[in-house]
J.: 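Structure incoming, see below.
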Amino acid sequence: MFRAEMFERVKAREKIWDFIIIGGGATGVGCAVDAASRGFDVLLLEQSDFGKGTSSRSTKLVHGGVRYLAQGKVKLVREALRERGILLKNAGHLVRIQSFVVPCYSFWQKFFYGAGLKTYDLLSGKFSFGKSKLLSKKETLKKLPNLKSEDLRGSVIYFDGQFEDARLLINLATTAFEHGATVLNYAKVFELTKNARNKIDGVKFRDTETNQEFYARAKIVINAAGAFSDSVRRLSDKNAARMISASQGIHLVFDKSFLPTENALMIPKTSDGRVLFAIPWQGKTLIGTTDTPVDKIELEPKALEKEIEFILKTAQNYLAKPPRRTDILSIFAGIRPLVKKDNTKNTHALARDHTIEIDESNLLTITGGKWTTYRRMAEDAIDQAIDKTDLSAKFCVTKNLLIHGSGAGAKGFGDLDIYGSDAEIIRKLIDENPHLNEQIHPALPYRLSEIVWAVRFEMACSVEDVLARRTRALFLDARAAIESAPKVAEIMAWELVRNQDWIDEQIQEFNSVAQNYFLSTEL
Ligand SMILES: Cc1cc2nc3c(=O)[nH]c(=O)nc-3n(C[C@H](O)[C@H](O)[C@H](O)COP(=O)(O)OP(=O)(O)OC[C@H]3O[C@@H](n4cnc5c(N)ncnc54)[C@H](O)[C@@H]3O)c2cc1C
């Protein structure tokens with residue numbers, strides 16, 4: 001994907017786009033893949049970088065949601081489990097089966113969780129990831145060597161999916177591009193234009209790199225702005241009532257020694273009543289998440305002290321070697337775009353946990369749901385958009401659409417396997433220029449070749465794009481990421497033909513964002 005080429009397409013465009021999609025998170029990019037693969041003309045606009053919002057800040061689970069099962073939402077769980085299976089099939093390089101151990105402290109708990117997880121197995125049907133099983137205390141401690149053994153009665157092991165959220169997003173954007181979509185990052189929509197019948201017929205957006213403004217016309221505009229959906233809805237109707245009820249979730253990242261195993265720990269009911277996971281992720285331990293209502297919606301949300309304390313305390317209750325504040329390598333926060341329950345006016349609430357609203361000016365807003373169900377959400381949104389316009393009906397094809405990077409030639413590249421079939425080109429970069437095989441930083445599993453790849457082919461524009469989303473350096477170890485910034489900036493400047501001022505500015509901007517990812521008292 002080449003940013004300059006995308007702008008050329010926008011400038012040269014005379015025909016009206018079929019779809020303009022606002023938002024480059026899972027929902028927006030999913031809609032772009034769906035519409036483009038049906039053969040429609042699509043323009044997707046993201047105000048920051050692809051995945052800068054919630055979609056790079058998830059727990060990285062492709063799951064039916066054991067929690068929803070406990071709430072009796074069987075239909076919702078069954079559908080998510082089906083999507084889980086479809087995603088494993090279509091993005092096999094980024095989704096893997098993960099075992100989860102649920103520790104039990106009474107025989108009643110063992111029976112209760114055992115029965116619940118058997119139901120979870122049954123609901124997955126032909127999309128099963130493996131059968132759950134009861135484990136003895138000894139077997140449990142073998143699976144989770146750092147689990148506290150006091151009062152432990154055994155556990156239940158079950159299987160779900162884990163995925164790489166930011167990379168899946170980039171691969172989805174590439175898939176949309178390969179099907180003809182034009183996808184732009186750093187393109188902020190600031191106005192929706194309307195025709196004489198008061199229907200939206202286009203958008204005005206700004207290239208936030210150059211401040212240049214553009215106007216593009218569309219048959220229908222889709223608002224997939226996640227937690228920002230209300231601000232986009234108010235561009236259509238300044239009196240629109242709030243639809244989003246935002247809830248923040250944070251994660252803490254620690255060294256692997258806190259979970260020295262390939263199995264994840266799942267705590268079904270913490271003191272605040274929600275699920276907490278400790279998961280092996282990219283050679284580290286990821287622990288999360290919280291659920292804190294927030295009023296302020298920001299692109300760079302900050303973890304609250306009480307959230308950090310809650311995760312540490314809960315982990316300390318279960319782990320024999322307990323993680324402390326000084327062990328935190330990275331902290332990241334994300335905002336769930338939950339739909340307000342009382343918002344029924346004009347909404348086409350579906351029998352899932354996402355909502356589609358089409359307002360009087362034809363702005364289609366799709367929000368809620370979760371990463372796991374992004375494909376199904378997109379299918380619903382595009383189907384409803386077709387009903388609202390004179391676009392000819394074309395069937396959704398994404399159930400069987402391979403996502404960029406998957407398929408033949410996607411494996412066998414060692415640490416580069418996460419890139420799927422793109423790994424071959426990254427290998428070639430190294431063959432042509434062996435110094436690109438050098439690691440970015442001794443504590444990070446990334447090479448210089450990955451910076452070059454991200455800039456040349458994945459529209460990475462800033463040091464943050466490379467260190468936060470094309471690689472996950474900032475999320476794995478914030479201090480190591482800060483130390484890597486000068487080297488990354490230098491290589492990017494060479495690729496993008498930028499000067500020393502740009503390098504200095506980039507390092508400063510990255511450092512300022514990265515301050516949110518570790519405890520400042522540790523500085
Ligand atoms: C802590 C946490 C953990 C989670 N874990 C999981 C999990 O393990 N599994 C799972 O399935 N789901 C999980 N989820 C849910 C999932 O991450 C979200 O449902 C999903 O990422 C939402 O995607 P989105 O595209 O709707 O929003 P976003 O990813 O936030 O994307 C919206 C985008 O719109 C852009 N935008 C806003 N305004 C404009 C504008 N004016 N012009 C252009 N662009 C604009 C924003 O910059 C943003 O990038 C989790 C959520 C949270 C918060």
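Please read all numbers here as calculations on a predicted model, not as lab measurements. All ligand and atom numbering here is 1-based and tracks the order in the structure.
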J.: Heavy-atom cut-off of under 4.0 Å around ligand 1: list whichever protein residues fall inside it, by chain and number.
T.: I22, G23, G24, G25, A26, T27, L45, E46, Q47, G53, T54, S55, R57, S58, T59, K60, L61, H63, A187, K188, V189, A224, A225, G226, F228, G249, H251, T289, L299, G334, I335, R336, G369, K370, W371, T372
J.: With sequence neighbours excluded, what pairs up with D327 under the side-chain hydrogen bond (donor to acceptor under 3.5 Å, both in side chains) test?
T.: R324
J.: Would you say the side-chain atoms of T292 and E307 include a donor-acceptor pair closer than 3.5 Å?
T.: yes
J.: Going by the rule side-chain hydrogen bond (donor to acceptor under 3.5 Å, both in side chains), which residues pair with S124 if we only count those two or more places apart in sequence or in a different chain?
T.: none
J.: For F332, give me all partners under ring pair (Phe, Tyr, Trp, His ring centres under 6.0 Å), at least two apart in sequence or on another chain.
T.: H251, F475
J.: Examine the side chains of R3 and N185 and answer whether a donor and an acceptor come within less than 3.5 Å of each other.
T.: yes
J.: I'd like to know whether NZ of K256 has more than 12 heavy-atom contacts from other residues, nucleotides or ligands below 6.0 angstrom.
T.: yes
